[in-house]
Amino acid sequence: MNQPVGVPVYDFDFRAFFDCRTPYEFAEGIPAVARIGAIDDYSRFFAQCEADGLRLVHTPTEHTRCTTLSEWYPLIQELTPRSMWYQQPPTFAEVEANFTLPVFVKGSRQTSKHQAAASIIRSSEDFATALKIFKSDPILHWQDFVCRELLPLRPIAGGAKGKIPASYEFRTFWWRGELVGAGRYWFEAESYDWTNLERQEGLAVAKRAVDAVDCAFVVIDLAQTTEGRWVIIECNSGMESGYAGASPFAIWEAIARAETLDG
């Protein structure tokens, strides 16, 4: 199920690369993947698809588990920066009591276009600015407020003005527990790539998160600290994630091959 959303890093024209068909009726048992952007009410959408004969690869419970920090964080706590979340934004005093500044803030599902002013808190003034953005931003205002330990990540050159500083981060796609694609996360920055050893070490950490989250189509973002340790930055659903520097053709070719062999 595919619908362009106007974001080049997310959209992919399947019919330009694959032999695609639009059946009148859907065969029972075929797993369905929705590529229609962020899904506001997944439970309702899942029920609608099921009524149409489509069985999405993630149940509502699984979708929440791989997209919401308060669900996936307890499963991989030792692999990711220390975090706390709040249904209502905390006071700056509460943040200072639980974290050493600077601290990273975000929504429980995502950031808003990587805005630095909405994400990196070094002072009470920064916090006031971030809180104002959070309450009015269409992406953030409906999410739980999350504070995370701001680890020193290995920097890379480039990136966009006003955005979170680019770091040595990679996006990995996993289908039924197997890697189907990977690429640099900060595709807007200067080109970078991991060595074979770094890839092996990083993917080993990502696989631990994949196994813990236990969802059919999951995306794991991971970065290297300045000390050389690999940490999980984010978990998400492969249905909602942009490709970043990963090849969409390679991802879907690998998934099609895996399903053909299994079926």
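Worth knowing before you read on, the calculation uses all heavy atoms, side chains too, and leaves out hydrogens, waters and symmetry mates.
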Distance from [X] atom [atom1] to [Y] atom [atom2], nearest 0.5 Å?
X: Arg199; Y: Leu179; atom1: CZ; atom2: CG; answer: 6.0 Å
X: Arg148; Y: Lys106; atom1: CZ; atom2: NZ; answer: 6.5 Å
X: Ile39; Y: Phe46; atom1: CD1; atom2: CZ; answer: 11.0 Å
X: Leu203; Y: Ile220; atom1: CG; atom2: CD1; answer: 11.0 Å
X: Gln77; Y: Ser83; atom1: CD; atom2: OG; answer: 8.5 Å
X: Lys163; Y: Ile120; atom1: NZ; atom2: CD1; answer: 12.5 Å

I want to check something: taking the side chain as every heavy atom from C-beta on, are [X] and [Y] in contact at a cut-off of under 4.5 Å?
X: Arg229; Y: Leu151; result: yes
X: Arg176; Y: Glu259; result: yes
X: Val33; Y: Trp252; result: yes
X: Val231; Y: Leu222; result: no
X: Ile36; Y: Phe45; result: yes
X: Arg184; Y: Glu169; result: no
X: Tyr73; Y: Arg82; result: yes

Look at the side-chain heavy atoms of Ile, Leu, Val, Met, Phe, Trp and Tyr, link any pair under 4.5 Å apart, and say whether [X] and [Y] land in one connected group.
X: Phe104; Y: Leu69; result: yes
X: Leu56; Y: Phe14; result: yes
X: Leu101; Y: Val105; result: yes
X: Ile76; Y: Trp230; result: yes
X: Phe127; Y: Val103; result: yes

Identify which one of Trp194, Trp186, Phe187 satisfies the ring-ring contact (aromatic ring centres under 6.0 Å, His included) criterion when paired with Phe170. Trp194

Assess whether side chain to side chain contact (heavy atoms under 4.5 Å, CB included) is satisfied between Tyr86 and Asp144, documenting all intermediate values. CA-CA 6 Å; Tyr86 311 81; Asp144 284 354; over 6 Å; no

Ionic contact status for [Y] with [X], cut-off 4.0 Å:
X: Arg55; Y: Glu50; value: yes
X: Arg109; Y: Glu240; value: yes
X: Glu234; Y: Arg171; value: no

Measure across [X] and [Y] and return the closest heavy-atom pair with its distance rounded to 0.1 Å.
X: Arg122; Y: Pro102; answer: CG-CB, 3.7 Å
X: Lys132; Y: Ser136; answer: O-OG, 3.1 Å
X: Ala209; Y: Leu79; answer: N-CD1, 4.0 Å
X: Leu75; Y: Val213; answer: CD1-CA, 4.1 Å
X: Phe12; Y: Asn2; answer: O-ND2, 3.2 Å
X: Val9; Y: Ala244; answer: CG2-N, 3.2 Å

Could you check Gln115 against Ile133 for side chain to side chain contact (heavy atoms under 4.5 Å, CB included), going step by step and ending with a plain yes or no? CA-CA 10 Å; Gln115 299 177 72; Ile133 295 172; 4.2 Å; yes

Determine whether Asp214 and Arg65 satisfy the following criterion, side chain to side chain contact (heavy atoms under 4.5 Å, CB included), listing intermediate values before the conclusion. CA-CA 9 Å; Asp214 190 26; Arg65 188 165 71 240; 4.3 Å; yes

For [Y], is there any backbone N or O sitting under 3.5 Å from a side-chain donor or acceptor partner on [X]?
X: Glu96; Y: Ala93; answer: no
X: Thr68; Y: Glu71; answer: no
X: Asp52; Y: Leu54; answer: no
X: Glu190; Y: Ala157; answer: no

Centroid-centroid distance, [X] to [Y], less than 6.0 Å:
X: Trp85; Y: Phe145; result: no
X: Phe217; Y: Trp174; result: no
X: Tyr168; Y: Tyr185; result: no

With side chain to side chain contact (heavy atoms under 4.5 Å, CB included) as the test, pick out the partner of Met84 among Val95, Asn98, Val146.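 Passing option: Asn98.
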
Among Cys235, Ser237, Ser241, Cys215, which residue meets the side chain to side chain contact (heavy atoms under 4.5 Å, CB included) test with Thr67? Ser237

We want to know whether Arg154 and Thr226 form a side-chain donor-acceptor pair, criterion being a heavy-atom distance below 3.5 angstrom. no

Are side-chain N/O atoms of Glu227 and Thr225 paired as donor and acceptor at under 3.5 Å? no

Got more than 12 heavy atoms from elsewhere within 6.0 Å of CD, Glu78?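 Yes, CD of Glu78 has more than 12 neighbouring heavy atoms, counting only those of other groups under 6.0 Å.
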
How about CG on Asp41, more than 12 heavy atoms from neighbouring residues, nucleotides or ligands closer than 6.0 Å, or not?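 Buried by this count: over 12 neighbours within 6.0 Å.
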
Once the angle between the rings of Phe249 and Phe17 is folded into 0 to 90°, is it parallel (under 30°), tilted (30 to 60°) or perpendicular (over 60°)? tilted

Side chain to side chain contact (heavy atoms under 4.5 Å, CB included), that's the test. Do Thr80 and Trp72 meet it? Break it down for me. CA-CA 10 Å; Thr80 192; Trp72 55 256; 4.1 Å; yes

